[in-house]
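Accompanying notes for the structure given below.
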Amino acid sequence: MNLFAHFETEILAAVDRLKADGHLPQDAECNGLSVEPPRDAAHGDIATNAAMVLAKKAAMNPRELAGHLSGYLEKSAHIAKIDIAGPGFINLTLKPEFWGQIVTAVLDDDSIYGQSDIGQGEKINVEYVSANPTGPLHVGHCRGAVFGDALANLLAFAGYDVTREYYVNDAGAQVDVFGRSAYLRYREALGEDIGEIPQGLYPGDYLKPVGAKLAEEHGKALLDMEEAAWLPIVREAAVAAAMDGIKHDLAILNIHHDVFVSERSLIEGEEDQVAATIDWLTEQGLVYEGRLPPPKGKRLEGWEDREQSLFRATEFGDDIDRALIKSDGGYTYFASDMAYHRDKFSRGFATMINVWGADHSGYVKRMQAAVRALTGGEGELDIKICQLVNLFRSGEPVKMSKRSGDFVTVRDIVEEVGRDSVRFMMLYRKNDAPLDFDFAKVVEQSRDNPVFYVQYAHARAHSVFRKAHEAFPDLDPDNPTITAPKLSLLDHEAEIAVMKRLAHFPRLVQSAATAHEPHRVAFYLSDLAGDFHGLWNRGKELPQLRFINLGNRELTDARLALVMATARVLRAGFDVLGVRAIKELR
RNA sequence: GGUCCCGUAGCUCAGUUGGAUAGAGCAGCGGACUUCUAAUCCGCAGGUCGCAGGUUCGAAUCCUGCCGGGAUCGCCA
């Protein structure tokens, strides 16, 4: 049950009655109607602007119209009080016993509470990570990886048909460099002293096994070849090894993509899809030969003013037209990315989401312009930029040296603090704000550490079940079943606060999903945990408020139902974030 | 210089897509607690939402222009 959706239908029914009795014209529409929790809880449980939205149509001032509307709402069950406030808000306060229905709804095994159908099964493509296959994943990739994965979970929970996708940039100049780096390791594996890795090549040790394997498979055969002959072989082996490593790194974060699309395969497959895309754009009159002005305000070494094939990106909202073909005849990265997005669209994804790092923010307009052009305005691309992660260790910044290839990898982080802490922390911030990640803090067992705080709430709930089992052995300590609890017994303000929070979950899921903002789920969990801890603490002062009352099984059952409901919603939120809910603290 | 993002309490950040008197957590101040329902709790104080205009019943939120911080600018990926 979605509290706000439920009352929206009641309000709309009241509006219909207003039309029936002539207060409103038949054609009056509720555009911009809101049914939401008021900002200030003192105003009640549900606020609606219905009267304000309809005032003009009714030729009545909003407060007067609100008076008529509330006359009809009063007849509805569950409403304890109706206030008309401010410019014409209608505030509904529900009867305390209403909230028990939320607990019932959460515990109903026939549906998953919070799950939504707003997605209507629409196909949606989430492309995330897409790191170059030239080495292990490091912190920079980690945030986008976790973000994309949680967003995909969230969208699935909200009823979309989600595909998780990874674009493998295995075609550009970078992977050639990577291949040459691997070739050096190959020569090294054959006993040659290669000295220091030259500037510009990949220095990391992770290519050594690739070199060794090449030596094993090819012996000295590659030494006598021209680069044009050995490069494809070495490059392919290096990329394959890098992708294996990346998939392993993703797996330790519990991230599993459905589809990997190779850039090279777009070009070298049965049909050159990049060429086909450029042809198509040319037919549409969107490609021309021309010159680009050099970037202003920044001197560029070796800027080459030349006539080239340009895509009319400016017609679709970009600042400048974009090059498609490099001077060496190869496709620009952008050209193959256009082909890739055209491919996505042709696979039935009208809605696409790309998750990128901050360093790609300058690329956003271009790609969105491309999608507009390629889909005739039918496709929609949302690009989520993940800002930088700053690493700290007990408040001290962690230094990273990229030059030596000695950066902090996903593996390092997960091994040190655990997958769940990494995932939660990466989501405990809006994606477009920078994030501070402190190795010491995320494993701290204190109120300061939101990971702990939320995990602890779930563990506490389960500790109640274990205690309940000791007191009443018929109760299953893992999953106590309580038949027909008398939920009206839950009338303390701290209990009602928890139930209200539970009531907000479905709405929260919907808004987070439509905004493509999984961090809202993390903050919600923190709030819910806060309410639950608050209730727990009240039980310390007021023993009669404790969950388990030996002399009163009926009350205990009602409270256990509430604890169960809380644990379930925490669990549902954790599932969206991809964080494991723990039942016991170590 | 252009573009994009950010600017909210001393600090770190939320803010339900335009709603009412802007919220949390730290830190601060004042109390309580000496405990396994443990890994603290309760209360208080704290604000010109960067600045100035605009849009309207109503703006932290939308539009414009400034100021400050960050990222980015390519035939790289």
Side-chain angles (χ1 to χ4, degrees), chain A residues 4 32 34 36-40 42-43 47-49 52 55-56 61-62 85-89 91 130-132 134 167 169 171-175 177 263 292 294-298 300-304 306 308-309 318-320 322-337 357-366 383 385 387-388 428-436 444-450 452-453 456 459-460 463-464 467 504 507-508 510-512 514-515 517 519-520 522-524 526-527 530 533-541 543 545-548 585:
Chain A
F4 299 97
S34 69
E36 47 189 26
R39 191 173 283 251
D40 187 340
H43 292 140
T48 178
N49 64 354
M52 291 147 82
K56 209 172 265 178
N61 82 53
F89 284 103
N91 291 332
S130 295
N132 290 344
T134 54
Y167 182 48
N169 300 129
Q174 284 304 312
V175 287
V177 173
E263 180 185 5
L292 284 177
K296 285 174 186 165
K298 186 193 174 199
L300 268 189
E301 305 284 330
W303 170 260
E304 191 187 343
R306 70 177 184 99
Q308 55 192 329
S309 296
D318 201 358
D319 306 312
I320 200 168
R322 301 294 177 176
L324 296 170
I325 311 283
K326 297 192 279 189
S327 56
D328 67 4
Y331 300 122
T332 60
Y333 178 78
F334 179 58
S336 43
D337 221 355
D359 54 341
H360 283 61
S361 55
Y363 200 73
V364 170
K365 277 192 179 182
R366 184 181 323 187
I383 296 174
I385 296 290
Q387 282 294 336
L388 302 178
Y428 200 65
R429 194 104 313 174
K430 245 183 325 198
N431 62 285
D432 50 14
L435 181 151
D436 292 344
E444 204 174 275
Q445 297 206 340
S446 79
R447 176 73 188 85
D448 289 6
N449 176 9
F452 167 77
Y453 190 66
Y456 185 31
R460 265 186 163 171
S463 113
V464 173
K467 286 264 157 52
H504 291 179
R507 177 186 159 82
L508 180 279
Q510 290 187 359
S511 65
T514 41
E517 290 186 350
H519 76 273
R520 294 190 193 192
F523 280 95
Y524 172 83
S526 178
D527 288 342
H533 287 310
L535 175 57
W536 180 288
N537 291 330
R538 297 300 284 270
K540 283 201 278 192
E541 325 156 6
L545 204 59
R546 292 186 168 207
F547 299 118
I548 298 164
L585 290 175

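In what follows, chains are A, B, ... by sequence order, proteins preceding strands, each numbered from 1.
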Could you give the [atom1]-to-[atom2] distance, from [X] to [N], as a whole number of Å?
{"X": "A:Glu444", "N": "B:A38", "atom1": "CD", "atom2": "C1'", "result": "17 Å"}
{"X": "A:Arg520", "N": "B:A14", "atom1": "CZ", "atom2": "C1'", "result": "10 Å"}
{"X": "A:Asn537", "N": "B:C41", "atom1": "CG", "atom2": "P", "result": "6 Å"}
{"X": "A:Leu508", "N": "B:A14", "atom1": "CG", "atom2": "P", "result": "15 Å"}
{"X": "A:Met52", "N": "B:G19", "atom1": "CE", "atom2": "P", "result": "10 Å"}
{"X": "A:Asn449", "N": "B:U12", "atom1": "CG", "atom2": "C1'", "result": "14 Å"}
{"X": "A:Leu388", "N": "B:A71", "atom1": "CG", "atom2": "C1'", "result": "7 Å"}
{"X": "A:Asp328", "N": "B:G74", "atom1": "CG", "atom2": "P", "result": "18 Å"}

Point to revise | Rounded distance (nearest 0.5 Å) linking atom OH of A:Tyr167 with atom CD of A:Glu263 | key: 4.0 Å
Review point. Nearest 0.5 Å, what's the CG-OH distance between A:Leu324 and A:Tyr333?
Key: 14.5 Å
Between [M] and [N], how far apart are the [atom1] atoms? Round to whole Å, please.
{"N": "B:U8", "M": "B:G46", "atom1": "C1'", "answer": "14 Å"}
{"N": "B:C6", "M": "B:C63", "atom1": "P", "answer": "11 Å"}
{"N": "B:U17", "M": "B:G25", "atom1": "P", "answer": "23 Å"}
{"N": "B:A20", "M": "B:U16", "atom1": "P", "answer": "10 Å"}
{"N": "B:A22", "M": "B:A14", "atom1": "C1'", "answer": "11 Å"}
{"N": "B:A59", "M": "B:C41", "atom1": "C1'", "answer": "38 Å"}
{"N": "B:A39", "M": "B:C26", "atom1": "P", "answer": "13 Å"}
{"N": "B:U64", "M": "B:U55", "atom1": "P", "answer": "15 Å"}

Counting only side-chain heavy atoms from C-beta out, which of [options] sits nearest to [X]?
{"X": "A:Trp536", "options": "B:A38, B:A39, B:U72", "value": "B:A38"}
{"X": "A:Ser327", "options": "B:G19, B:C75, B:A77", "value": "B:C75"}
{"X": "A:Arg507", "options": "B:A77, B:U17, B:C13", "value": "B:U17"}
{"X": "A:Lys540", "options": "B:U37, B:A71, B:A77", "value": "B:U37"}
{"X": "A:Gln445", "options": "B:A39, B:C75, B:A77", "value": "B:A39"}

Touch class at under 4.0 angstrom, heavy-atom based, for [X] against every strand present:
{"X": "A:Ser446", "result": "sugar-phosphate"}
{"X": "A:Ile548", "result": "base"}
{"X": "A:Tyr456", "result": "base"}
{"X": "A:Phe334", "result": "nothing"}
{"X": "A:Leu324", "result": "nothing"}
{"X": "A:Gly172", "result": "sugar-phosphate"}
{"X": "A:Pro37", "result": "base"}
{"X": "A:Ala515", "result": "base"}

Practice item. Using only heavy-atom distances, decide whether a donor-acceptor pair under 3.5 angstrom links the side-chain of A:His519 to the base of B:A14. Key: no
Contact under 4.0 Å: [X] side-chain N or O vs [N] OP1/OP2:
{"X": "A:Lys365", "N": "B:G2", "result": "no"}
{"X": "A:Arg429", "N": "B:U12", "result": "no"}
{"X": "A:Arg322", "N": "B:C75", "result": "no"}
{"X": "A:Arg538", "N": "B:C42", "result": "no"}

Grab the N/O contacts between the protein and nucleotides 5-7 of chain B below 3.5 Å, and write none if there aren't any.
unit_1 : atom_1 : unit_2   : atom_2 : d
B:C5   : O2'    : A:Asp432 : O      : 3.2

**Study point:** A:Tyr428 and A:Phe523 aromatic ring geometry - parallel, tilted or perpendicular at 30°/60° bounds
**Key:** parallel
Check your understanding: On RNA chain B, nearest-nucleotide positions of A:Ile385 versus A:Ala323: which is more 5'?
Key -> A:Ile385
**Study point:** Upstream residue (5' side of RNA chain B) when A:Phe547 and A:Lys326 are each assigned their closest nucleotide
**Key:** A:Phe547
Examine distances only and state if a side-chain atom of [X] and a backbone atom of [Y] form a donor-acceptor pair shorter than 3.5 Å.
{"X": "A:His533", "Y": "A:Tyr456", "value": "no"}
{"X": "A:Thr332", "Y": "A:Ala323", "value": "yes"}
{"X": "A:Thr48", "Y": "A:Ser34", "value": "yes"}

Review point. Since syn is defined as within 90° of 0, does B:U17 count as syn or as anti?
Key: syn
Exercise for review: Return the set of residues passing side chain to side chain contact (heavy atoms under 4.5 Å, CB included) with A:Ala515 (not counting sequence neighbours), or none when no residue passes.
Suggested key: A:Glu517, A:Arg520
Point to revise | Set of residues satisfying side-chain hydrogen bond (donor to acceptor under 3.5 Å, both in side chains) with respect to A:Asp318, sequence neighbours excluded | key: A:Arg322
Revision key, fill the gap. Residue set satisfying side-chain hydrogen bond (donor to acceptor under 3.5 Å, both in side chains) with A:Ser446, at least two apart, ordered chain then number -> A:Glu444
Review point. Could you write nucleotides 20-36 of chain B as a row of B, S and -, 5' to 3', where a protein heavy atom under 4.0 Å of any base atom gives B, of only sugar-phosphate atoms gives S, and otherwise -?
Key: B----SS----------
Exercise for review: Return one dot-bracket line describing RNA chain B 5' to 3' (Watson-Crick or G-U wobble pairs, both distances under 3.5 Å; ( ) same strand, [ ] crossing, | another strand, . none).
Suggested key: (((((((..((((.....[...)))).(((((.......))))).....(((((..]....))))))))))))....
